[in-house]
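Here is the structure we will look at, set down as structure tokens.
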Amino acid sequence: MEFSQDDFDRLLMFEHARKTAEATHARDPLDADNLTKWGEALLELSQFQTVVDAKKMIKDAISKLEEALMLNPTANAMFSIGNANTSYAFLTPDLDEAKSYFDKAADYFQQAIDEDPNNELYLKSLEVCAKAPELHMEIHKQSSSQQIMGGGSSASSNAKGSKKKTTSDLKYDIFGWIILAVGIVAWVGMAKSHVPPPPPPPPR
């Protein structure tokens with residue numbers, strides 16, 4: 001799947017945020033806010049990776065966010081780590097394993113709500129997280145049937161390419177669901193509060 005111009009702009013924005021956070025961390029490893037930004041940038045960038053690389057990047061994001069929580073337990077860091085666990089769960093085909101990540105996500109969303117009880121995004125995220133296992137089953141059921149159809153439709157050399165494309169499309173479907181379901185994940189808050197928006201496109 002090719003990136004749109006908006007996707008490419010977001011990729012550049014969050015790659016810049018990641019590099020900035022990494023440089024800041026080298027100077028001040030105890031800056032919890034910077035670690036949160038770093039984790040959020042990694043979570044966003046994971047959407048542009050293969051499933052295997054995305055899971056590694058999300059694990060790295062979780063690690064940064066956990067470190068931030070140890071230094072300064074803010075509602076924003078709790079919310080972001082909830083999002084990271086939700087994203088990881090959706091990329092995990094085994095439902096039992098995925099449920100453990102959904103459970104962790106729910107715990108973090110609840111902690112964020114305890115810190116900031118009137119935040120509608122936190123409340124909505126917890127509400128949707130309760131329905132996430134059902135959504136997970138539906139997504140992975142569709143992916144299985146797509147892969148069976150994709151794999152069986154052609155015995156030619158196109159079979160591999162078609163299966164690869166199906167897997168890639170599925171990953172974007174999953175991330176689309178995550179963004180839709182969790183309510184415009186970490187990047188919205190991050191784009192508003194931490195990173196300047198990308199410049200508007202030039203007039204045509």
Side-chain angles (χ1 to χ4, degrees), residues 1-25 34-68 76-77 79-93 97-98 101-102 105 108 121 125 128-129 132 135-136 139-140 142-143 146-147 150 160-202:
M1 178 178 272
E2 291 184 11
F3 294 152
S4 68
Q5 185 60 47
D6 283 351
D7 286 337
F8 188 66
D9 290 344
R10 281 178 55 219
L11 176 63
L12 290 179
M13 180 172 80
F14 288 106
E15 181 58 26
H16 174 71
R18 182 192 68 76
K19 285 181 177 172
T20 303
E22 196 171 350
T24 303
H25 182 71
N34 181 62
L35 279 162
T36 302
K37 291 177 193 173
W38 194 357
E40 288 172 342
L42 287 168
L43 182 57
E44 261 306 306
L45 290 169
S46 71
Q47 296 185 39
F48 300 95
Q49 314 301 315
T50 64
V51 172
V52 172
D53 288 342
K55 289 177 84 171
K56 283 182 192 167
M57 201 170 264
I58 293 168
K59 281 280 194 189
D60 195 14
I62 289 172
S63 168
K64 302 285 186 289
L65 292 163
E66 284 175 342
E67 205 177 326
N76 185 46
F79 171 66
S80 295
I81 202 168
N83 281 323
N85 277 285
T86 304
S87 300
Y88 195 90
F90 273 112
L91 292 177
T92 303
E97 188 185 344
Y101 287 97
F102 286 132
Y108 282 113
L121 187 56
S125 297
V128 173
C129 192
L135 186 60
H136 176 282
I139 289 169
H140 285 279
Q142 285 180 13
S143 81
Q146 280 177 7
Q147 284 182 1
K160 271 188 184 172
S162 131
K163 189 171 180 184
K164 193 173 180 185
K165 183 178 185 304
T166 303
T167 306
S168 168
D169 287 351
L170 167 71
K171 180 173 77 71
Y172 282 93
D173 287 347
I174 289 172
F175 276 122
W177 272 109
I178 295 166
I179 292 168
L180 178 68
V182 180
I184 319 303
V185 227
W187 76 270
V188 170
M190 182 178 162
K192 282 182 184 169
S193 57
H194 303 312
V195 180

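Below, all heavy atoms of this structure are taken into account, side chains as well, without hydrogens, waters or symmetry copies.
- Lys19 pairs by the side-chain contact (heavy atoms from CB on, under 4.5 Å) definition with Glu15, not counting sequence neighbours.
- Taking every heavy atom of both residues into account, His25 and Asn34 meet most closely at N-ND2, 3.4 Å.
- Remark: Asp60 CG to Lys56 NZ distance equals 11.5 Å, nearest 0.5 Å.
- Here Asp6 does not pair with Arg10 in a salt bridge; the nearest charged N to carboxylate O distance is not below 4.0 Å.
- Scanning all heavy atoms of the two residues, the minimum distance from Ser46 to Ala54 falls at O-CB, 3.3 Å.
- Ala89 is linked by a side-chain contact (heavy atoms from CB on, under 4.5 Å) to Ala98, Tyr101, Phe102, counting only residues two or more places apart in sequence or in another chain.
- Phe90 and Leu135 get closest at one heavy-atom pair: CZ-CD2, 3.6 Å.
- Counting heavy atoms from C-beta on, the side chains of Ser87 and Leu43 come closer than 4.5 Å.
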Kindly indicate, with the supporting measurements, whether the criterion side chain to side chain contact (heavy atoms under 4.5 Å, CB included) is fulfilled by Gln47 and Asp7. CA-CA 10 Å; Gln47 296 185 39; Asp7 286 337; over 6 Å; no
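- Looking only at distances, a side-chain donor or acceptor of Ser125 sits under 3.5 Å from a matching main-chain atom of Leu121.
- Note that CD of Glu66 and CG of Leu35 are 11.5 Å apart. Values are rounded to the nearest 0.5 Å.
- Nearest approach of Gly39 to Ala61, heavy atoms of both residues: O-CB, 3.3 Å.
- Closest of all the heavy-atom pairs between Asn85 and Ile62 is OD1-CD1, 3.9 Å.
- Across every non-hydrogen atom of Leu65 and Ala77, the tightest pair is CD2-O, 4.4 Å.
- The side-chain contact (heavy atoms from CB on, under 4.5 Å) search around Thr20 returns His16, Thr24, not counting sequence neighbours.
- Within the 4.5 Å cutoff, no side-chain heavy atoms of Glu40 are placed close to those of Asn83.
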What verdict does the side chain to side chain contact (heavy atoms under 4.5 Å, CB included) test give for Leu42 and Ile58, after you've listed the backbone C-alpha separation in whole Å, the side-chain angles of each residue and the deciding distance to 0.1 Å? CA-CA 7 Å; Leu42 287 168; Ile58 293 168; over 6 Å; no
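- Note: Ile81 CD1 to Lys64 NZ = 12.0 Å, rounded to the nearest 0.5 Å.
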